[in-house]
Amino acid sequence: MPRGDKSAYTGKQKRMAEHIEEGYEKRGVSEDEAERRAWATVNKETGGGKKSGSGRGKAMNTQPSKTGGKRGGAASAQRPAALRSASARKAAATRTPEQRSASARKAAATRKRNAEAKKD
């Protein structure tokens, strides 16, 4: 099996890598670098190819994805409030009233769900 061959990966792992790669490309990372990072993340989370061998059936570790999300939020927090609010105004101007109300409903449902989970 040549280096970089993906035949030992399951369909789910390939889909995961594709989605992760798209996310990196959206953020401006080059295609090659995005692919490299995506497969590194899949390997870190799933322990590599799962189609054969003793590594099959191990639990996933989703910590790398969570770490990336936290870092993204931290980067936003570093920007001055004026820049963040200017960005928010620009984003709000491009959304339709239907999109805004759908977002509001979704946010309200999430807050409600979190409040109920907190009670338990």
Side-chain angles (χ1 to χ4, degrees):
M1 182 184 330
R3 219 174 147 171
D5 182 31
K6 306 297 185 224
S7 63
Y9 290 87
T10 63
K12 180 178 179 179
Q13 288 174 307
K14 291 174 183 174
R15 288 191 305 275
M16 282 173 63
E18 186 64 33
H19 287 295
I20 294 167
E21 184 178 347
E22 287 171 10
Y24 278 123
E25 287 174 359
K26 265 188 207 171
R27 288 184 270 169
V29 177
S30 73
E31 222 171 283
D32 288 341
E33 178 67 8
E35 183 180 10
R36 188 192 66 73
R37 289 185 189 183
W39 281 108
T41 304
V42 169
N43 286 336
K44 183 89 172 185
E45 289 185 0
T46 63
K50 291 211 177 243
K51 274 196 175 172
S52 64
S54 61
R56 196 171 191 156
K58 289 184 181 174
M60 279 183 55
N61 170 22
T62 57
Q63 194 59 42
S65 293
K66 290 179 183 177
T67 303
K70 286 178 184 174
R71 285 183 183 165
S76 175
Q78 296 297 318
R79 295 172 59 212
L83 283 178
R84 286 199 311 273
S85 60
S87 179
R89 278 193 298 276
K90 182 179 177 185
T94 62
R95 294 167 65 203
T96 65
E98 294 83 22
Q99 289 173 321
R100 283 197 297 273
S101 59
S103 293
R105 282 193 300 274
K106 187 176 177 183
T110 301
R111 282 192 298 272
K112 183 179 178 184
R113 192 173 52 248
N114 288 346
E116 288 173 0
K118 203 171 189 178
K119 288 179 188 176
D120 295 339

What distance separates Y24 OH from H19 NE2, expressed to the nearest 0.5 Å? 15.0 Å
If only atom types and distance count, is the side chain of S87 paired as donor or acceptor with the main-chain N or O of L83 below 3.5 Å? no
Taking every non-hydrogen atom, the tightest pair across A91 and T94: O-OG1, 2.8 Å
Minimal heavy-atom distance between A38 and A17, with the atoms involved, is CB-O, 3.3 Å
Euclidean distance, M16 CE relative to T46 OG1, rounded to 0.5 Å: 6.0 Å
According to side-chain hydrogen bond (donor to acceptor under 3.5 Å, both in side chains), who are the partners of E45, at least two apart in sequence or on a separate chain? S65
Testing the 3.5 Å rule here: is there a donor-acceptor pair between the side chains of D32 and S30? no
Thinking salt bridges, do E116 and R113 make one under a 4.0 Å N-O criterion? no
Correct closest heavy-atom pair for R95 and Q99 would be CA-OE1, 3.3 Å
Determine whether a donor-acceptor pair (N or O, by modelled atom type, separation under 3.5 Å) exists between the side chain of E31 and the backbone of E25. no
More than 12 heavy atoms of other residues, nucleotides or ligands under 6.0 Å from NZ of K14: yes or no? yes
Between atom OG1 of T62 and atom NZ of K44, what is the distance when rounded to the nearest 0.5 Å? 12.5 Å
Presence of salt bridge, E33 and R37, under 4.0 angstrom: yes
Minimum heavy-atom separation for G48 to Q13, with atom names? O-NE2, 2.7 Å
